[in-house]
J.: 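Please see the structure below; I have some questions.
So that the names make sense, note that chain A is the first sequence line, chain B the second, and so on, each numbered from 1.
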Number of protein chains: 2
Amino acid sequence: MRISELVERTGVPLATIKYYLREGLLPAGEATAATRAEYGEAHVRRIAVIRALTETVGLSVQKAREVLRLIDQPRDSLFDTFGQAIEALPPEVTPEATADYPRARAVLEKLGQLYDPRFAAVAQLERALAAAEAAGIPLDDARLAVYGPHIRAIAEFDISRMPLDDATAAVEYAVLGTALHEPVLVALRRLAHQDVAARRYGVAPPATPPASRKSARKSPRARSRPKGS
Amino acid sequence: MRISELVERTGVPLATIKYYLREGLLPAGEATAATRAEYGEAHVRRIAVIRALTETVGLSVQKAREVLRLIDQPRDSLFDTFGQAIEALPPEVTPEATADYPRARAVLEKLGQLYDPRFAAVAQLERALAAAEAAGIPLDDARLAVYGPHIRAIAEFDISRMPLDDATAAVEYAVLGTALHEPVLVALRRLAHQDVAARRYGVAPPATPPASRKSARKSPRARSRPKGS
DNA sequence: TGCACTGGATAGCTACGCTATCTAACATTG
DNA sequence: CAATGTTAGATAGCGTAGCTATCCAGTGCA
């Protein structure tokens, strides 16, 4: 297909697609002449992945390029490739093999997991723990005792679904699965918060910002004090 | 304390603190004279929260201001306040009460949760689901059956720890807890992935980027099970 | 032959998050 | 009391990111 069709299919402006081509996020089409190139389904999907990484995961174009590069040209081992991909994900940390991450170390020890300061995710965890602590909501033992096992169960499932027969597919699954399911998990938690709060305290759905207060009546569901507690 | 001490305590440059003051993220100190003001511990903590929201959660300064404003001046109900806060969190969505979010709706129905398109998190979930789908890793039923209950258990714990006696503390806990524990959960999942993969497939810790390849030998762990293909 | 479309190159634009400078009003110190 | 240094407040500038717009000449198609 021609580039104009790519624009139609993806909804991404032509100038932006050209920008992605320039920046090396999108491979060039197969040139059929000096001013003509052929694009395929792979390009359509690639653009979708680019937008997913930048808009939904929140990566910069530069970081998205790093992630895509790892998928296209993986390291020797899947484990290394995966580690490199994590380094490109937010929050951005400057990895230092010699640094110590006391909060992350303590957490990992309590979980019985290996502490290795070379893992970018260790520095990311340290930063997240420090941020929560500074805001007055540290990750205490009780909370860790809940978060740890549930998150681990999720991770075990993720790994169990990794395609083992195809190395390329495995890399893609590992990298994109880790990155793209994060927004899903986060959104599910936010919705669960709202649902639990509504059921527990019997709160009505919120009014739309400019709208009326009586709109809460539109929901026949859980209003005043429906359930437990 | 004076502003210079605020600079020392937080490590944030003076010009940046003035910028936060200008932008309304940080309340002004108590003016003691035309060119003198007194700052307190609340300001120190506030700056830490600002940095946590911008650097770790990834909010823009504008969105951080919205979140902080909700903490300072909550809506009528905690539920409304919380909903508004979620709207400021990434991924950024333009909420439309009339829109339909089919993927999110299907997921919520399977989970037995209320679907209300006015919840910003519904639009956020829709976007996350669409992104994963476009990248070739949709949230199928099996995965949802795992993610859903575990995330819900986490959310239940979160809510159970909400302070009930103090309305101000409750708002702060709800808003900051939702936002600031997300990076923690995400980092824990990434680390769990690495740990599970290492245990299951016996992979050595990764070499530091510029370093030697033989560092893989440093792990005494087994190298069994050459993975697929 | 005419014309819309294309790849490729380059320049420009807007928003963001600071950063730097200036001024006048103070406080503090000796 | 004078010298010194800090401060609030205002304004201007700066570097990066992520596009966006324009131009040009080669090309396919009618």
Side-chain angles (χ1 to χ4, degrees), chain A residues 1-40 43-44 46-68 88-92 94, chain B residues 1-40 43 46-68 88 90-92 94:
Chain A
M1 69 185 79
R2 285 155 294 176
I3 203 169
S4 57
E5 197 176 338
L6 213 49
V7 171
E8 282 172 29
R9 291 276 300 276
T10 62
V12 176
L14 172 64
T16 304
I17 291 181
K18 285 188 171 188
Y19 169 66
Y20 292 154
L21 285 165
R22 276 202 306 280
E23 293 298 316
L25 280 83
L26 186 65
E30 195 184 352
T32 60
T35 63
R36 198 105 335 185
E38 185 70 13
Y39 302 88
H43 289 87
V44 176
R46 183 62 164 250
I47 289 175
V49 173
I50 292 170
R51 297 302 272 215
L53 290 177
T54 54
E55 295 188 346
T56 307
V57 181
L59 297 189
S60 66
V61 167
Q62 187 192 153
K63 292 293 177 188
R65 176 175 48 206
E66 286 177 32
V67 170
L68 292 168
L89 300 180
E92 197 164 340
T94 52
Chain B
M1 69 186 78
R2 283 157 295 180
I3 202 170
S4 56
E5 196 176 339
L6 212 49
V7 171
E8 283 173 27
R9 292 276 301 275
T10 62
V12 176
L14 172 64
T16 304
I17 291 181
K18 285 190 169 189
Y19 169 65
Y20 291 154
L21 285 166
R22 274 200 309 280
E23 293 299 316
L25 280 84
L26 186 64
E30 194 185 351
T32 61
T35 65
R36 199 104 337 183
E38 185 70 12
Y39 301 90
H43 290 87
R46 182 63 164 249
I47 289 175
V49 173
I50 292 170
R51 298 302 269 214
L53 290 177
T54 55
E55 296 188 345
T56 307
V57 180
L59 297 189
S60 67
V61 167
Q62 185 192 154
K63 293 292 176 190
R65 177 176 46 205
E66 286 177 31
V67 170
L68 292 169
E92 198 164 340
T94 52

J.: May I have the list of side-chain donor-acceptor pairs in residues 51-63 of chain A shorter than 3.5 Å, sequence neighbours left out?
T.:
unit_1	atom_1	unit_2	atom_2	d
A:R51	NE	A:E55	OE2	3.3
A:R51	NH1	A:Y20	OH	2.9
A:R51	NH2	A:E55	OE2	3.0
A:T54	OG1	A:I50	O	2.9
A:T54	OG1	A:R51	O	3.4
A:S60	OG	A:K63	N	3.2

J.: Could you grab the distance from atom CG of B:L6 to atom CD of B:E38, nearest 0.5 Å is fine?
T.: 10.5 Å

J.: Could you state the atom-to-atom distance from CD1 of B:I17 to C1' of D:dT6 in whole Å?
T.: 15 Å

J.: Quick one: CD1 on B:I17 to CD1 on B:I47, what's the gap to the nearest 0.5 Å?
T.: 4.0 Å

J.: Give me the residues of residues 2-14 of chain A where at least one heavy atom lies under 4.0 Å from an atom of DNA chain D, by number, or none.
T.: A:P13

J.: Measure NZ/A:K63 against C1'/D:dA17 and give the value in whole Å, please.
T.: 14 Å

J.: What pairs with A:Y39 under ring-ring contact (aromatic ring centres under 6.0 Å, His included), at least two apart in sequence or on another chain?
T.: A:H43

J.: Look at atom CD of A:E66 and say whether more than 12 heavy atoms of other residues, nucleotides or ligands are closer to it than 6.0 Å.
T.: yes

J.: Indicate the atoms forming the closest heavy-atom contact of B:L25 with B:A64, along with that distance.
T.: CD2-CB, 4.0 Å

J.: Using heavy atoms and a sub-4.0 Å distance, could you list which residues of residues 19-32 of chain A are near DNA chain D? By number, please.
T.: A:Y19, A:Y20, A:R22

J.: Using a 4.0 Å cut-off to any heavy atom of chain A, which nucleotides of DNA chain C are the first and last in contact, reading 5' to 3'?
T.: C:dC5 to C:dT10

J.: How many angstroms lie between OG1 in A:T32 and CZ in A:R2, if you round to the nearest 0.5 Å?
T.: 10.5 Å

J.: Whole angstrom is fine here: how far is it from CD in A:E38 over to P in D:dT27?
T.: 16 Å

J.: Grab the N/O contacts between the protein and nucleotides 23-26 of chain D below 3.5 Å, and write none if there aren't any.
T.:
unit_1	atom_1	unit_2	atom_2	d
D:dG26	N2	A:T35	OG1	3.4
D:dG26	N3	A:T35	OG1	3.2

J.: Kindly say whether A:P27 contributes a backbone atom to a donor-acceptor pair with the side chain of A:R46 at under 3.5 angstrom?
T.: no

J.: Between OG1 of A:T16 and CZ of A:R22, what distance do you get to the nearest 0.5 Å?
T.: 9.5 Å

J.: Is the backbone N or O of B:E23 less than 3.5 Å from a side-chain atom of B:R65, with the two atoms forming a donor-acceptor pair by type?
T.: yes

J.: Name the nucleic acid region contacted by A:S60, choosing base, sugar-phosphate or nothing; use a 4.0 angstrom heavy-atom cut-off, strictly under.
T.: sugar-phosphate

J.: Kindly give the heavy-atom pair with the smallest separation between A:V67 and A:A88, and that separation in Å.
T.: CG2-CB, 3.7 Å

J.: To the nearest 0.5 Å, tell me how far A:T10 OG1 sits from A:E5 CD.
T.: 10.5 Å

